[in-house]
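Have a look at the structure below, then the notes.
Order of appearance sets the numbers: ligands from 1, and atoms from 1 within every ligand. All figures in this text were calculated on a predicted structure; none of them were measured in a lab.
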Amino acid sequence: MDGDLTFRVPEPGFIDNLLSVLFPLRCVHCGAFGYWLCQSCAEALTAIGPENCSRCGRPGLDKVATCAECRGRNLPFGFARAAFRFEGPGRSLVHALKYGGQQRLARLMAAISCSAASLTVPEKDVTLTYVPLHRSKLASRGYNQAELYAKALSRLLDLPLTGLLEKKHPTPPQNRLNSKQRQNNLAGSFALRKEAGPPNSRILLIDDVYTTGSTAAECARVLCGGLGARVDVWTFARTVKE
Ligand SMILES: [Zn+2]
Ligand SMILES: [Zn+2]
């Protein structure tokens, strides 16, 4: 990546100093002391360039082309874009935020993804929302990593954020399922939150990782159907099958 991406802790106060003695800060990928993400790991993030599938954002294609995975697929979102490949330091950041309890990483991840070449900062009439967790998962993890990332993006981009969706019932983890099984696993599991106010005419759905697009597609289907809005998808990372 270009630019200075050395992510040290800013201006530590007394509590931060105490915590840093008890729990020294380490780079999420290589373990170097004193950083959330050290300079060399920041440079090793694999950015997804501006040339990618017009629908799903799969890299390596002319902007107007659609990849083989999307052809013939009825995707309910306009486009999906990700900042980095889900590998190396990008994968470590997602894992540390999602499973490592490192909630503060959401701000860093928002900051570095906002400048990614694959992403265009949305216009003003956009409402941000995020992929929800079922309340049982939320209770065990203590937070929703997609919501934290979306909140950080909302602050940085000065765009409104609303929790528009809820997950009605828990579903088994997606990571061991194929694309068809993922779709079936999620079918009917998301719903519009009753208390959610009307959003703008465009919605940007935020998640941490795009894998096969099943989660994004199911959420977008509910949002489009219930609100009649255009939905696009923004994730921090994306898996790329070669
Ligand atoms: Zn490092
Ligand atoms: Zn595609």
Worksheet item: With the Zn ion (ligand 1) at the apex, how many degrees lie between SG of Cys41 and SG of Cys27, rounded to 10 degrees?
Response: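 About 110°, to the nearest ten degrees.
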
Item to complete: Quick one: the SG of Cys38, the Zn ion (ligand 1), SG of Cys30 angle, rounded to 10°, please.
Response: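 Rounded to 10°, it measures 110°.
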
Worksheet item: Quick check: does His29 have an N/O/S atom under 2.8 Å of the Zn ion (ligand 1)?
Response: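 Within the cut-off used here (under 2.8 Å), His29 places no N, O or S atom near the Zn ion (ligand 1).
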
Practice prompt. Quickly, which of Ile48, Val233, Asn52 forms a side chain to side chain contact (heavy atoms under 4.5 Å, CB included) with Arg81? Name it, please.
Written response: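 The residue from Ile48, Val233, Asn52 that satisfies side chain to side chain contact (heavy atoms under 4.5 Å, CB included) with Arg81 turns out to be Asn52.
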
Discussion item. Tell me which one of Leu205, Asn144, Asp207 satisfies side chain to side chain contact (heavy atoms under 4.5 Å, CB included) with Tyr130.
Written reply: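 Output: one option passes, namely Asn144.
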
Fill in: SG (Cys70) - the Zn ion (ligand 2) - SG (Cys56) angle, nearest 10°
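Vertex at the Zn ion (ligand 2): approximately 100°.
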
Discussion item. Can you confirm if the NZ or CZ of Arg26 lies within 45° of the ring axis of Phe33 and under 6.0 Å from the centre of its six-membered ring?
Written reply: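 Yes, a cation-pi geometry.
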
Practice prompt. Classify the angle between the aromatic ring planes of Phe77 and Tyr210 as parallel (below 30°), tilted (30 to 60°) or perpendicular (above 60°).
Written response: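 Because their plane-to-plane angle is over 60°, the rings of Phe77 and Tyr210 count as perpendicular.
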
